[in-house]
Amino acid sequence: QVQLVESGGGLVQAGGSLRLSCAASGHTFSSYAMGWFRQAPGREREFVATISRSGGTTYYTDSVKGRFTISRDNAKNTVYLQMNSLKPEDTAVYYCAADLRGAPTRDPIRYDYWGQGTQVTVSS
């Protein structure tokens with residue numbers, strides 16, 4: 001079992017920044033890939049970013065490229081999502097997820113464990 005707990009969400013004005021954290025426990029953190037997804041009201045959950053086990057490979061959805069950065073600290077069992085230049089359309093519940101197969105992927109079906117989510121609200 002893997003437990004994931006997100007934190008760092010909140011209310012921010014457009015153009016502002018937030019850093020989300022996801023603390024993992026219950027398994028060897030460095031052995032699995034991590035991803036961030038988000039879900040806005042009335043919309044399906046969508047991929048945001050993913051990172052490989054070592055942190056050497058990352059992928060982003062086009063709408064956040066150049067604004068968001070995913071990173072991980074395997075010594076702290078934590079993955080981060082630095083979000084800059086936030087826009088109102090970034091408003092959503094953000095979830096972190098773990099893929100025990102270890103390969104970063106955009107496909108939510110590939111992820112084995114999910115956190116409870118943290119709300120991010122960007123005001124215009």
Undergrad: Transitively linked via ILVMFWY side-chain contacts under 4.5 Å: Phe47 with Val64?
TA: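 No, because Phe47 and Val64 fall into different hydrophobic clusters, even though each may have its own neighbours under 4.5 Å.
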
Undergrad: Strictly by disulfide (SG to SG under 2.5 Å), give each pair with a member in residues 44-124 just once, sequence neighbours left out.
TA: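 Disulfide (SG to SG under 2.5 Å) check on residues 44-124 returns Cys22-Cys96.
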
Undergrad: So if you build clusters from Ile, Leu, Val, Met, Phe, Trp, Tyr with side-chain heavy-atom gaps below 4.5 Å, do Leu100 and Ile51 land together?
TA: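 Shared cluster, yes.
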
Undergrad: So, Tyr32 and Ser52: side-chain donor and acceptor under 3.5 Å apart, yes or no?
TA: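 No - no donor-acceptor pair under 3.5 Å links their side chains.
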
Undergrad: Tell me, which pairs form a salt bridge (charged side-chain N to carboxylate O under 4.0 Å, His left out) where one or both residues lie in residues 71-84, sequence neighbours left out?
TA: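 Listed by first then second residue: nothing to list.
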
Undergrad: Pairs under 3.5 angstrom only: tabulate donor-acceptor contacts from the side chains of residues 117-124 to other protein residues two or more places apart or in another chain.
TA:
from: Thr118; atom 1: OG1; to: Gly9; atom 2: N; distance (Å): 3.2
from: Gln119; atom 1: NE2; to: Ala92; atom 2: O; distance (Å): 3.4
from: Gln119; atom 1: NE2; to: Thr121; atom 2: OG1; distance (Å): 3.3

Undergrad: What distance separates Thr78 OG1 from Glu6 CD, expressed to the nearest 0.5 Å?
TA: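 It comes to 12.0 Å.
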
Undergrad: With a 3.5 Å cut-off and sequence neighbours excluded, list the donor-acceptor pairs that the side chains of residues 80-88 form with protein atoms.
TA:
from: Gln82; atom 1: NE2; to: Asn84; atom 2: OD1; distance (Å): 2.9
from: Asn84; atom 1: OD1; to: Ser17; atom 2: OG; distance (Å): 2.9

Undergrad: Hey, is CD on Gln39 packed in by over 12 heavy atoms from elsewhere, all under 6.0 Å?
TA: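 Enclosed: over 12 neighbouring heavy atoms sit under 6.0 Å from CD of Gln39.
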
Undergrad: What's the spacing between Arg38 CZ and Glu89 CD if we round to 0.5 Å?
TA: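 Reported to 0.5 Å precision, the distance equals 8.0 Å.
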
Undergrad: So which atom in Gly35 and which in Tyr111 form the shortest heavy-atom distance, rounded to 0.1 Å?
TA: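 Shortest heavy-atom contact: N-CE2, 3.6 Å.
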
Undergrad: Trp114 and Pro108: which non-hydrogen atoms are nearest, and at how many Å?
TA: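 Where Trp114 meets Pro108 most closely, the heavy atoms are CZ2-O, 3.6 Å.
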
Undergrad: Under 4.0 Å between a side-chain nitrogen and a carboxylate oxygen: does that hold for Asp62 and Lys65?
TA: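 A salt bridge links Asp62 with Lys65.
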
Undergrad: CG of Asp90 to CG of Leu18: how many Å apart, nearest 0.5 Å?
TA: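 Asp90 atom CG to Leu18 atom CG measures 10.0 Å (nearest 0.5 Å).
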
Undergrad: Please check this pair: side chain of Thr50 against backbone of Tyr59, looking for a donor-acceptor N/O pair closer than 3.5 Å.
TA: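 Such a contact is absent between Thr50 side chain and Tyr59 backbone.
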
Undergrad: Enumerate the disulfide (SG to SG under 2.5 Å) contacts for residues 23-72, please, sequence neighbours excluded, ordered by first and then second residue.
TA: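 Qualifying pairs, neighbours excluded: none.
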
Undergrad: Roughly how far apart are Thr58 OG1 and Phe68 CZ, rounded to 0.5 Å?
TA: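 Thr58 atom OG1 to Phe68 atom CZ measures 14.0 Å (nearest 0.5 Å).
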
Undergrad: Just wondering, do Trp36 and Val79 contact through their side chains at under 4.5 Å, heavy atoms?
TA: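 Sidechains of Trp36 and Val79: in contact.
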
Undergrad: Should Met34 and Tyr95 be counted in the same cluster of Ile, Leu, Val, Met, Phe, Trp and Tyr side chains packed under 4.5 Å apart?
TA: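 Result: no, two separate clusters.
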
Undergrad: Taking the side chain from Tyr60 and the backbone from Ile70, do they hold a donor-acceptor pair closer than 3.5 Å?
TA: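 Yes, because the side chain of Tyr60 sits within donor-acceptor range (under 3.5 Å) of the backbone of Ile70.
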
Undergrad: Quick check against the 3.5 Å criterion: does Thr105 have a side-chain atom that pairs as donor or acceptor with the backbone of Asp107?
TA: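 The answer is yes, because a donor-acceptor pair under 3.5 Å joins these two groups.
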
Undergrad: Once ring-ring contact (aromatic ring centres under 6.0 Å, His included) is applied, do any residues pair with Tyr113, and if so which ones, sequence neighbours excluded?
TA: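 Expected list: none.
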
